**Student:** 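This structure is in structure tokens; I'll ask about it shortly.
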Amino acid sequence: MWWKFLYSHRNAILTGTLIIALCALLLGICARLPAPGASDQSDGAQVVDYTILVHQIQNGNVSAVAIQDDNIHALLKNPLQSTKTIASKAGAQSSSDAPIDPASWYHMLTNSDTLLTASQDTTAFDRHTVYIHIPAGGKDLLMTQLESAHVDVNILPTPQPSPLLTVLGRFAPLLLVIVLLLVFFSIRQKQNPLGSMDDRISQIGKSRARRFDRLPEGTTPPTKPQVTSPKLLTGGRSPASAVAKSAAAPVVAIPSVTFADVAGIDEVKSELVEMVQFLREPGKFSRLGAHIPRGALLVGAPGTGKTLLAKAVAGEAQVPFFSMSASEFVEMFVGVGASRVRDLFQQARRVAPCVVFIDELDAVGRKRSMRASGNDERDQTLNQLLVELDGFDARQAVIVMAATNRVDILDKALLRPGRFDRRITVSAPDRVGREAILRVHARQTPLSEDVSLERLARLTTGMTGADLANLVNEAALSAARRDLMAINHDCFEDALARIQLGALRPLVMSESERRIIAVHEGGHALVAHHLPEADRVNRVTILPRGQSLGVTQFSAEMDRYNYSRETLMARIAVGLGGRVAEELTFGPERITTGAENDLQVVTDLARKMVTRWGMSERVGVVFADYQPEESYAMNMRSIDPDAIPSQSRSLVADVRGNLYLNGSQPAQGRYYAQTMASRSSGGVMMNALIDAEVQRILNDGRAMARAILTEHATQLTTLADALIEHEQLDRTQFETIIQG
Ligand SMILES: Nc1ncnc2c1ncn2[C@@H]1O[C@H](COP(=O)(O)OP(=O)(O)OP(=O)(O)O)[C@@H](O)[C@H]1O
Ligand SMILES: [Zn+2]
């Protein structure tokens, strides 16, 4: 297409135009200059006034004139008696005073060569010739006078420049203007990093892939990676056009992250080592005819370090890293997504070996059948992605990694061999992994002696790498707030509470309100303390934080991957301990709304026991918990705090029955009323049965809590008093109070 040609050759065109224009300008100026021989110079003739000439004509002293435009040379019969002439100065009057024949005069006038050579004639010519420049309006009068005096009038033609020069001369000013405009715009473009308007329009289809620059040693990566203009990444363009695009070009585009920065997921790392080797020495592999998996799908919950891993692969192999979120592919214009995908892979191929990372693959990769009807844009984008994945040949060392937390909703075409056939599951780290991750993130921070990362790892069950990174950062902030030189354990505890429960909320509460909260939290803690299956109490507080008025925090001695019915029942009893304590202390009439979240959590847990884990005798070993597929699509990082306006949001159950503090887990564990069973008539009965069994389990748990709190009623009172006094009790303080 012609405009594309123009665009890509604009520098040559610009320079060419400039040169042509300058030449034209010079030629034009030259053409404007009078030609030699026909100039308004007097050629050595006497320069006289107009009136003198008129006089000479009237006196009959003029025998011939030669007119060229407004210049007149006149041949005098007798020379003027004037000192002005060169000839008089030369003192050669006598020999040169003879009249000149008009024909030879005319010949001498038009041939300057003769004038220059024949000095004798020249003197005569000079003495007999006068020259005037006719003033404006004087020509007509002169002509009539010449006519009446019968003077021989010769009209000399105006010297004509060559036709080409005339044309160029005509257009010189126009060309000058064009050149100036071009120069002006090219300067503007250099100054404006966004480029011109049509540049920006042409950018719509360009992928917005990010390439990461190496960061200086010791700096932590910024949350938003540096975004560079994709044009600059191409490398194939001439340097001149790259400079015209923007002044700042990235120097190196290799991430500084290596496997040393990824902790706690060693088994995953080992799967990627082969890819790193391939990227380092692609030749070695292709020589042996080895087929290296092109695409790897990283599956895992948000914050488990999928992006970090992909970046580390590039960093280890010292190759460029392109990152793009699949949701960025999809825009409102049909076809834009597809062209972005094409562009991204084009860039990647150009700088291969490299790593391309596509985050949130499910945004485009969702099963085509599952979508709302006729989403052309998504389909086109997905198709383009498939085409690109197939389009690599064996020599192109481009590794494509994608991240998702829902493989089951991905289109099967994406998972076929040769595409994302290697699946790597990145799970939340275990206790040892958490400790390792904490160590990685605490590398740059001074820790005081009382900090035990091992202990912190125990307190952070269920937290992901991103959560732990955030924890270290929050602790450092807390230390800064307290003007400490190093981070101590209190800072970490503070940060943990802040992350899990929100910032401390200065609420002014009445004495009776504080007592209710103290009894409620005391109930949770005491039931946990007396149930060997329950987690240990780490901290009890009645300081309001975030949405909760009080918190009982637990710490697991070890990570559990499987839960017994016994453990789950203990959790339900602990969860109901708050409400039961209120009931026993203040009477059934004065129970409060503070137990809302507790009830939500335990109901959820009990329902899962019945519908998922086959833990109810009467319902039996069935799986009856079908959730609408779309509900998974919500990739929620945490529960919307406003959705749970309860006293203690400290307990949330996940799919496996894990109870989590607050919403560090996605809200997958919520109960969805729309079960498979409810769609049939038999399902109605099944639903009723499930509800009855859930009820029964909750009542069993309540009875457990009641038994414990009745038996240890005095401990509950002591604990509540201590809480009102100290507001916050850590593990040792709590155990001392119970024991003493
Ligand atoms: N295993 C880990 N070791 C060290 N740091 C980690 C680890 N996992 C996560 N992090 C920290 O958490 C941050 C965020 O992780 P990352 O963005 O890779 O998670 P993700 O799984 O891609 O999440 P999302 O799905 O939300 O994009 C990382 O920059 C890193 O600081
Ligand atoms: Zn509670």
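Counting begins at 1 with the first residue of the sequence. Every number for a ligand or one of its atoms is a count from 1 in the order of the listing. Predicted model, so just to flag it, every value in this text is computed and none were measured.
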**Student:** Of the backbone atoms (N, CA, C, O) and the side-chain heavy atoms from C-beta on, which set of T307 has a member under 4.0 Å from an atom of ligand 1: side chain, backbone, both, or neither?
**Tutor:**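 Looking at T307 and ligand 1, atoms from backbone and side chain both fall under 4.0 Å.
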**Student:** Is the shortest distance from a Lys or Arg side-chain nitrogen in R434 or D467 to a carboxylate oxygen in the other one below 4.0 Å?
**Tutor:**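 No salt bridge links R434 with D467.
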**Student:** Ligand 1 versus T464, non-hydrogen atoms closer than 4.0 Å: side chain, backbone, both, neither?
**Tutor:**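 No part of T464 comes within reach of ligand 1.
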**Student:** What I want to find out is whether D411 reaches R419 closely enough, with some N-O distance under 4.0 Å, to be called a salt bridge.
**Tutor:**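 No, no charged N to carboxylate O under 4.0 Å.
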**Student:** Which option out of N473, D359, L468 puts a heavy atom nearest to atom 27 (O) of ligand 1?
**Tutor:**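 Among N473, D359, L468, the closest heavy atom to atom 27 (O) of ligand 1 belongs to D359.
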**Student:** Quick one: which of N470, L308, L438 has a heavy atom closest to atom 29 (O) of ligand 1?
**Tutor:**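 Residue with the shortest heavy-atom distance to the ligand atom: L308.
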**Student:** Could you go through H524 and F554, starting from their C-alpha distance and side-chain angles, then the distance that decides it, and tell me whether this counts as ring pair (Phe, Tyr, Trp, His ring centres under 6.0 Å)?
**Tutor:** CA-CA 10 Å; H524 286 308; F554 300 95; 7.6 Å; no
**Student:** Which atoms of ligand 1 sit under 4.0 Å from any heavy atom of V262?
**Tutor:**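 Listed by number with element, the hits are 1 (N), 3 (N).
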**Student:** Below 4.0 Å, non-hydrogen atoms only: which portion of E360 touches ligand 1? Side chain, backbone, both or neither.
**Tutor:**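 None of E360 does.
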**Student:** If the cut-off is 4.0 Å to any non-hydrogen atom of A466, which atoms of ligand 1 fall inside it?
**Tutor:**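 Matching atoms, with element in brackets: 9 (C), 10 (N), 11 (C), 12 (O), 14 (C).
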**Student:** For atom 1 (N) of ligand 1, tell me which residue out of A263, A469, G305 has the closest non-hydrogen atom.
**Tutor:**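 Result: the heavy atom closest to atom 1 (N) of ligand 1 is in A263.
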**Student:** For G264 and ligand 1, answer yes if some heavy atom of the residue is under 4.0 Å from a ligand atom, otherwise no.
**Tutor:**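 For ligand 1, residue contact (heavy atoms, under 4.0 Å) with G264 is absent.
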**Student:** Donor-acceptor pair, S270 side chain versus E267 backbone, under 3.5 Å?
**Tutor:**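 Checked: pair present.
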**Student:** I265 heavy atoms, cut-off 4.0 Å: which ligand 1 atoms fall inside?
**Tutor:**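 Going through ligand 1 atom by atom, the ones under 4.0 Å from I265 are 1 (N).
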**Student:** Report yes or no: does E521 have an N/O/S atom closer than 2.8 Å to the Zn ion (ligand 2)?
**Tutor:**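 Short answer: no, not a single N, O or S atom is under the cut-off.
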**Student:** Pair R458, E435 - check salt bridge (Lys or Arg N to Asp or Glu O under 4.0 Å), show working.
**Tutor:** CA-CA 9 Å; R458 283 180 199 283; E435 196 185 323; over 6 Å; no
**Student:** Between R706 and G577, is there a donor-acceptor pair closer than 3.5 Å when you use the side chain of the first and the backbone of the second?
**Tutor:**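 No, because the side chain of R706 does not come within donor-acceptor range (under 3.5 Å) of the backbone of G577.
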**Student:** Taking the Zn ion (ligand 2) as the vertex, measure the angle between atom NE2 in H524 and atom OD2 in D598; round to 10°.
**Tutor:**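 NE2 of H524, the Zn ion (ligand 2) and OD2 of D598 span an angle of about 100°.
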**Student:** Does E454 have more than 12 heavy atoms from other residues, nucleotides or ligands lying within 6.0 Å of its CD?
**Tutor:**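 It does: E454 CD has more than 12 such atoms within range.
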**Student:** Does any donor atom in the side chain of H530 or Q715 lie under 3.5 Å from an acceptor atom in the other side chain?
**Tutor:**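 Note: H530 and Q715 side chains meet the donor-acceptor criterion.
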